[in-house]
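So that the names make sense, note that chain A is the first sequence line, chain B the second, and so on, each numbered from 1. All figures in this text were calculated on a predicted structure; none of them were measured in a lab.
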Amino acid sequence: MTLACPGQSQPWPEDVAAARRLQEALRARVVCVDRLVSPMRIGGVDIHYDRRRRRVFAAAVRLDPTGELQASALASAPLRFPYVPGYLAFREAPAALEALAVLESLDLLFVDGHGRAHPRRFGIACHLGVLLDLPTIGVAKSRLIGRFTEPGPEPGAWSPLLDGDEVIGAVVRTRARTRPVFVSIGHRVSLATAIRLTLAFARGFRLPEPTRLADRLSRAHGG
DNA sequence: GCGACAG
DNA sequence: ATCTTGTCGC
């Protein structure tokens, strides 16, 4: 995994206009078909924010296909971009990339947030996927854009997330009697594969195991 | 002008 | 994300 890692002194957009230009430049690099191997090293990354210190804390994990933890990493970085809907990556990616840089190569990465289900089809899952040239899946806990009908009550049920006529993701019931999650392509996976892998790694929980583990580590650390 | 709005 | 009490459920 090679990094174009925005460290403390690397270029990073200063405002929303510059961030938007970067998204529009990078979005063409997103690959929406399956370009992945059978995932043996599955990553998850999650971010928390410390208001007092104005820093973001990231945790990244690597699991084997049985869900066993192989490696983990923690990182933090100063806050360099506010939370603006549609620009989450500019707030969270610097710390996330630092944590991910510590891990060995991944075959797949689950990202806490949307991928293509984004106003410019370039959410944080796409952003990390393109920067790392890694297959990524966006799994968000709530909607950013798009309309949908409620998926059926049984685990595995899903309905398309639509922006006009375009399918930008899927609303997936990973667990009974629990709100669905929003799954979208990050990079180098098809939507069908993203749904299948999300269900496979959720294993009866609402969120995929790598995301849950990263979240737990991140909380235990600074968040 | 008024809502909606990942984390 | 974070702020926050009780409350329901395994």
Legend entry - Distance-only donor-acceptor check, side chains R55(A) and S76(A), under 3.5 Å: yes
Inset, instruction - For Y87(A), answer base if it contacts any base atom (sugar-phosphate contacts may also be present), sugar-phosphate if it contacts only those atoms, and nothing otherwise; contact means non-hydrogen atoms under 4.0 Å. - result: base
Inset, instruction - Look at the side-chain N and O atoms of H48(A) and state whether any lies under 4.0 Å from the OP1 or OP2 oxygen of dT2(C). - result: yes
Inset, instruction - Kindly state whether the pair Y83(A) / dG7(B) counts as stacked, where counting means centroids closer than 5.5 Å and planes tilted less than 30° apart. - result: yes
Inset, instruction - Report yes if a side-chain nitrogen or oxygen of R219(A) is closer than 4.0 Å to either non-bridging phosphate oxygen (OP1 or OP2) of dA1(C); otherwise report no. - result: yes
Inset, instruction - Would you confirm whether R121(A), through its side chain, and H118(A), through its main-chain N or O, come within 3.5 Å as a donor-acceptor pair? - result: yes
Inset, instruction - Would you please confirm or rule out a distance under 4.0 Å between OP1 or OP2 of dC5(B) and any side-chain N or O of R143(A)? - result: yes
Inset, instruction - Report yes if a side-chain nitrogen or oxygen of K141(A) is closer than 4.0 Å to either non-bridging phosphate oxygen (OP1 or OP2) of dG7(B); otherwise report no. - result: yes
Legend entry - Row check, F148(A) ring normal vs R143(A) NZ/CZ: under 6.0 Å, within 45°: no
Inset, instruction - Considering just the side-chain nitrogens and oxygens of Y49(A), establish if one lies under 4.0 Å of OP1 or OP2 belonging to dG7(B). - result: no
Legend entry - Distance below 4.0 Å between S142(A) side-chain N/O and dG7(B) OP1 or OP2: yes
Inset, instruction - Quick one: label G86(A) by what it contacts on the DNA or RNA (base, sugar-phosphate, nothing), any heavy atom closer than 4.0 Å. - result: base
